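One structure below.
The figures here come from the full heavy-atom set of this structure, side chains too, leaving out hydrogens, waters and symmetry mates. Positions are given from 1 along the sequence. Quick caveat, the model's predicted, so the values are computed rather than measured.
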Amino acid sequence: MTLETGTTEDVGALSPVAARARFAAGLTVPTSGWSRGFAQANIIALPRELAFNMMVFAQRNPKPCPVLEVIDAKAVRADPGGSVLSDPASDIRRDVPLYRVFRDGELVDEVADAQA
């Protein structure tokens, strides 16, 4: 894969920790093919009043909507010991290359950092 820097490297050989560090540092490229052998996932952040319904939907539709991890409201990572997937140093607000923001079903923004 050719990165923004113009270099070519095997991003599939990177560990998830190394990949997340690049995204946290501002790299915004598609993640397909990164960190071979590890799950690639999307993030859904919902208001608390909708979260339970989403969890039920995902549980009833495990193939198209597998739930790899659930993070409590206002948390930036799963509770220590409660997850087998998260890096203890991860921060869900910045460890993804790009976040799409939807309001009322419409895409309203794309941001590289969800801390705001």
task: Verify, without hydrogens or angle tests, whether S15 (side chain) and A18 (backbone) share a donor-acceptor contact under 3.5 angstrom.
output: yes

field: M55 vs V67 side-chain heavy atoms within contact, under 4.5 Å
entry: yes

message: Contact between I44 and N42 at the side-chain level, heavy atoms closer than 4.5 Å - yes or no?
response: no

statement: What one should report as the nearest heavy-atom pair of R48 and A73 is NH2-CB, 3.1 Å

task: Please round to the nearest 0.5 Å and tell me the distance separating atom CD of Q59 and atom SG of C65.
output: 12.0 Å

statement: Rounding to 0.5 Å, atoms CG (L14) and CZ (F38) come to a distance of 11.0 Å

message: Rounded at 0.5 Å granularity, tell me how far CZ in R77 sits from CD1 in I92.
response: 10.0 Å

- prompt: Heavy atoms, side chains only, cut-off 4.5 Å: are T31 and P97 in contact?
  reply: yes

- prompt: Distance-only, no hydrogens or angles: does the R94 side chain make a donor-acceptor pair with backbone N or O of A24 under 3.5 Å?
  reply: no

- request: Determine whether T28 and E110 make a side-chain contact, defined as any pair of heavy atoms from C-beta on separated by less than 4.5 Å.
  value: no

field: Minimum side-chain heavy-atom gap V101-L107 below 4.5 Å
entry: no

- prompt: Do D109 and R100 sit within salt-bridge range, that is, some charged N less than 4.0 Å from a carboxylate O?
  reply: no

- request: Give the cluster check for M54 versus V56: same hydrophobic cluster or not, with ILVMFWY residues linked at side-chain heavy-atom distances below 4.5 Å.
  value: no

- request: Give the minimum heavy-atom separation between A13 and R36, together with the two atoms involved.
  value: N-NH2, 3.8 Å

message: If I take atom CZ from residue R20 and atom OG from residue S35, how far apart are they, to the nearest 0.5 angstrom?
response: 8.0 Å

task: Would you give the length of the straight line joining atom CZ of F52 to atom CZ of F57, rounded to the nearest 0.5 angstrom?
output: 14.5 Å

- prompt: Taking C-beta and beyond as the side chain, do L98 and F23 meet within less than 4.5 Å on heavy atoms?
  reply: no

- prompt: With distance as the sole test, does Y99 use its side chain to make a donor-acceptor pair with the main-chain N or O of I43 at under 3.5 Å?
  reply: no

